[in-house]
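Below, chain A is the first sequence line, B the second, and so on; all start at residue 1. In what follows, every heavy atom counts, from backbone to side chain, and hydrogens, waters and symmetry copies are set aside.
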Amino acid sequence: MEVRTRFAPSPTGYMHIGNLRTALYAYLHARKNGGKFILRIEDTDQARLVEDSVKVIYESLRVTGLEHDEGPDMGGPVGPYTQSERRPLYRQYAEQLVKEGRAYRCFCEKAEKQEEPGEPDEGQSIFGYDGRCGRLAEAEIKQKLDSGLPFVIRQKIDKEGSTSFKDFIYGDIVVENKQLDDQILLKRDGFPTYNFANVVDDHLMGITHVMRGCEYISSTPKYILLYRAFGWEIPEHIHLPHILGPDGKKLSKREGSAALSDLLAKGYLPEAILNYIALLGWNPGTEQEFFTKDQLVGAFDIARIGKAPAIFDETKMTWLNAQHVKALSPEKAHELFLKFYPDTVIKGFDAKKLSGYIQGKVEKLGDLPAMTSFLTGFDENYSTELFVNKKNKTTLESCKETLTDLHGLLSGVDAWEFNPLLNGVMGYSAQKPLKLGAVMWPLRIALSGMTVTPTGAIEIAELLGRDEALRRIALAINRL
RNA sequence: GCCCCCUUCGUCUAGCGGCCUAGGACAUUGCCCUUUCAAGGCAGAGAUCACGGGUUCGAAUCCCGUAGGGGGCGCCA
């Protein structure tokens with residue numbers, strides 16, 4: 001049977017990284033098995049519709065390359081793929097259950113959820129519905145209906161016994177039926193709840209593997225009861241452990257890494273993001289950690305998904321991102337860097353050359369402005385203490401001497417290019433004699449005013465150009 | 001309150017009864033390289049496998065309990 005997975009986000013306005021991972025796994029599983037990856041929009045909450053948020057979903061899938069085979073934008077054999085357009089279907093199936101006595105109309109007042117949970121009400125549970133409308137007599141129902149009372153449709157759950165299912169990750173899950181609520185299937189406004197729509201749609205759309213966050217694991221028995229009520233085949237259920245923030249709590253927008261857009265803005269490569277989140281809860285069974293998207297497709301296996309929640313560690317993602325940056329072709333890297341360089345760098349310097357020099361050191365593209373600040377934002381008041389370096393045995397005095405020599409030497413260089421510059425400096429260090437590091441250190445400090453730079457002294461000198469480089473060296477000599 | 005789930009270095013993880021003196025990666029520390037600080041290479045430190053009982057010749061691996069954490073109990077998804 002063809003594998004069919006789906007990603008079913010609700011349009012909230014941003015792509016949560018946990019949801020993205022769910023999409024990734026569903027995508028990988030479908031691709032790995034030559035199946036179909038379907039996009040379904042779950043917009044059944046009319047009160048929460050966010051303008052343009054469907055676009056965010058399309059855009060997120062596009063930039064990460066998680067292309068779907070069927071969806072609202074391209075159609076497919078089991079459309080429509082937007083739940084708000086499937087309302088008649090849900091009504092039809094809900095009515096069918098009512099007719100069969102597996103669901104009933106409930107005329108009760110809306111039980112507003114308290115915003116502040118506070119102390120749970122003593123005694124009477126605020127949890128669950130007592131099922132009273134399920135015991136209404138035929139005549140009462142007719143009378144309420146005739147008087148135009150609004151109603152919802154609730155699933156009728158026999159409180160005897162228990163219901164179980166086998167989760168692919170978590171194994172057998174058994175729940176006493178008395179724990180199960182007569183959940184609402186169809187809301188007062190005629191829209192289905194998630195609880196109902198997901199079952200109807202997953203079945204109608206032929207989904208073979210239901211992948212979603214493990215917050216649904218407790219309600220899955222209710223879905224199982226629904227599948228049984230309809231006599232539908234139960235798909236494979238694959239509940240995924242959560243991704244947590246550094247504090248071990250839910251990954252929140254405050255961390256600045258909960259949304260895909262945040263990560264992209266910081267300059268993480270889409271492929272690196274996929275690579276990193278794939279490893280949060282899954283491992284290939286080998287020691288490989290660097291994966292392109294295609295390599296993930298090849299290596300992915302739902303059998304190797306773990307059970308424990310994972311903490312999102314931006315440090316490790318940064319490292320992985322650096323690996324992906326290194327793997328880029330120089331042309332591609334430069335093209336991407338261009339989007340992050342300040343205008344002053346692009347206009348004032350050989351940006352292409354710069355990109356080539358620093359590619360191996362870029363961790364995330366958002367660091368580029370700070371990394372290149374020494375070019376345009378040279379701070380002439382840098383501390384002269386920077387010149388003192390134990391390892392290279394440089395002192396303020398030695399640096400002054402070296403720089404004075406270098407200034408004279410470099411002034412005479414014919415072509416201000418990497419090789420002549422390097423040869424000049426190397427010749428000087430050999431002749432002096434001084435360790436190359438002892439020469440390079442003061443030169444680099446003088447040119448950049450920084451102790452750590454994204455590239456070496458010669459490269460910086462070349463990028464700055466003769467006049468500026470010599471000016472900075474002269475400045476350093478004066479200050480020493 | 002009731003129910004479900006989870007628990008191996010700081011973090012991501014390997015491990016599915018003997019290969020474990022618990023392996024790898026990030027981070028951290030030190031060394032090396034000397035066409036440069038960095039990057040790269042190498043090495044070290046870091047986990048009484050949450051805790052307590054069992055089962056077994058043998059347990060990180062199986063069973064039970066405890067604790068801690070997470071999730072669910074919405075006319076949200």
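- Nearest-nucleotide positions on RNA chain B for A/Y194 and A/A457 put A/A457 closer to the 5' end.
- When the C1' atom is used for both B/A67 and B/U29, the distance is 35 Å, rounded to whole Å.
- Among the atoms of the strands shown, base atoms are found under 4.0 Å from some heavy atom of A/I184.
- Partner of A/Y276 under the side-chain contact (heavy atoms from CB on, under 4.5 Å) criterion, out of A/N321, A/D313, A/L263: A/D313 alone.
- One finds the CG atom of A/L475 at 9.5 Å from the CG atom of A/L480 (value rounded to the nearest 0.5 Å).
- Atom-to-atom, CE of A/M450 to P of B/U36 comes out at 18 Å; the value is rounded to the nearest Å.
- A/I305 has its CD1 atom 14 Å from the P atom of B/G15, to the nearest Å.
- In this structure, A/T44 reaches the sugar-phosphate backbone alone: every heavy-atom distance under 4.0 Å involves primed, P, OP1 or OP2 atoms, never a base.
- Residue A/L422 is in base contact, counting any heavy-atom pair closer than 4.0 Å across all strands shown.
- The partner of B/C2, taking Watson-Crick or G-U wobble pairs whose two distances both stay under 3.5 Å, is B/G72.
- Annotation: B/U8 and B/G74 have their P atoms spaced 31 Å apart (nearest Å).
- Distances shorter than 4.0 Å separate some side-chain N or O of A/K187 from OP1 or OP2 on B/C76.
- Distance A/D130 CG to B/C73 P: 18 Å, rounded to the nearest Å.
- Spacing of C1' atoms, B/G53 relative to B/A59, comes out at 14 Å, to the nearest Å.
- For the OP1/OP2 pair of B/A14 and a distance below 4.0 Å, the side-chain nitrogens and oxygens of A/N283 include at least one atom meeting the criterion.
- When the nucleotides B/G70, B/C37, B/C12 are ranked by their closest atom to the side chain of A/H242, B/G70 comes out on top.
- B/C42 and B/G30 make up a base pair, with Watson-Crick or G-U wobble contacts both under 3.5 Å.
- Taking every side-chain heavy atom of A/E215 into account, B/G72 is the closest of B/G72, B/C76, B/U36.
- For A/S218 against B/G71, a side-chain N or O and a base N or O form a donor-acceptor pair under 3.5 Å.
- Note on A/L443: nothing from the nucleic acid sits closer than 4.0 angstrom, heavy atoms only.
- The distance from atom CG of A/D247 to atom P of B/G10 is 18 Å, rounded to the nearest whole Å.
- Using a 4.0 Å heavy-atom cutoff across all strands shown, A/V174 reaches sugar-phosphate atoms only and no base atom.
- The partner of B/G17 cannot be assigned: no Watson-Crick or G-U wobble pair with both contacts below 3.5 Å exists in any strand.
- To the nearest whole angstrom, the two C1' atoms, one in B/U66 and one in B/G23, are 31 Å apart.
- The separation between A/Y428 atom OH and B/U36 atom P is 19 Å, rounded to whole Å.
- Across all strands shown, A/E459 has heavy atoms under 4.0 Å from base atoms, whether or not it also approaches the sugar-phosphate.
- Looking at heavy-atom distances under 4.0 Å, A/G213 makes no contact with the nucleic acid at all.
- With B/C6, B/C26, B/A38 as the candidates, the nucleotide lying closest to the side chain of A/K361 is B/A38.
- Atom CH2 in A/W441 sits about 19 Å away from atom P in B/U34, given to the nearest Å.
- Distance check on atom C1': B/A47 versus B/A22 gives 8 Å, rounded to whole Å.
- Residue A/K326 places no side-chain atom within donor-acceptor reach of the base of B/A39, judged by atom type and a 3.5 Å distance cut-off alone.
- Put simply, CG on A/L274 and CZ on A/R21 are 12.5 Å apart, with the number rounded to the nearest 0.5 Å.
- Remark: the separation of the P atoms in B/C51 and B/G10 is 13 Å, to the nearest Å.
- The nucleotide B/A25 finds its pairing partner in B/U11, both defining distances of the Watson-Crick or G-U wobble pair being shorter than 3.5 Å.
- Donor-acceptor pairing under 3.5 Å is lacking for the side chains of A/S164 and A/D172.
- Using the Watson-Crick or G-U wobble rule with both distances under 3.5 Å, B/G58 pairs with nothing in any strand shown.
- Using N1 to N3 plus N6-O4 or O6-N4 for Watson-Crick, or N1-O2 and O6-N3 for G-U wobble, each under 3.5 Å, B/U66 pairs with B/A50.
- The same atom, P, is picked in B/G17 and in B/G44; the two are 31 Å apart, to the nearest Å.
- Considering only side-chain N and O atoms, A/K307 lies under 4.0 angstrom from the phosphate OP1 or OP2 of B/C6.
- Relative to the side chain of A/T315, the nucleotides B/A25, B/U11, B/A27 differ in distance, and B/A27 lies closest.
- When the side-chain nitrogen and oxygen atoms of A/N392 are compared with OP1 and OP2 of B/C37, one or more of them lie within a distance under 4.0 Å.
- Crowding of A/R304 atom CZ: a count of heavy atoms from other residues, nucleotides or ligands under 6.0 Å exceeding 12.
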_Is there a ring pair (Phe, Tyr, Trp, His ring centres under 6.0 Å) between A/F165 and A/H237? Walk through the geometry before answering._
CA-CA 9 Å; A/F165 73 100; A/H237 282 90; 5.7 Å; yes
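- When each of B/C6, B/G15, B/G74 is scored by its nearest atom to the side-chain atoms of A/R304, the top-ranked nucleotide is B/G15.
- Rounded to whole Å, the P atom of B/A25 lies 36 Å from the corresponding atom of B/G72.
- Between A/Y268 and A/E314, the closest side-chain pair of non-hydrogen atoms falls below 4.5 Å.
- Rounded to whole Å, atom C1' of B/A14 lies 16 Å from atom CG of A/L280.
- With distances taken from any side-chain atom of A/K391 to the nucleotides B/A39, B/C6, B/C33, the minimum falls on B/C33.
- Comparing B/C3, B/C37, B/C12 by their nearest atom to the side chain of A/Q179 picks out B/C3.
- At the heavy-atom level, A/Y216 lies under 4.0 Å from base atoms of the strands shown.
- Salt bridge annotation for A/D201-A/R6: absent, with no cationic side-chain nitrogen under 4.0 angstrom from a carboxylate oxygen.
- Listed candidates were B/A77, B/G74, B/G70. Nearest to the side chain of A/K249 is B/G70.
- Counting non-hydrogen atoms under 4.0 angstrom, A/F418 reaches a base of the nucleic acid.
- Residue A/L251 contributes atom CG, which lies 13 Å from atom P of B/C12 at whole-angstrom precision.
- More than 12 heavy atoms of other residues, nucleotides or ligands lie within 6.0 Å of NZ in A/K159, so this atom counts as buried by the packing criterion.
- Counting only heavy atoms from C-beta on, A/I173 has its side chain closest to B/C4 among B/C4, B/U35, B/C75.
- Between the side chains of A/S448 and A/Y382, no donor-acceptor pair is found at a separation under 3.5 Å.
- Using a 4.0 Å heavy-atom distance criterion, A/T453 is classed as a base contact.
- Side-chain proximity of A/A308 to the nucleotides B/U7, B/G70, B/U36 is greatest for B/U7.
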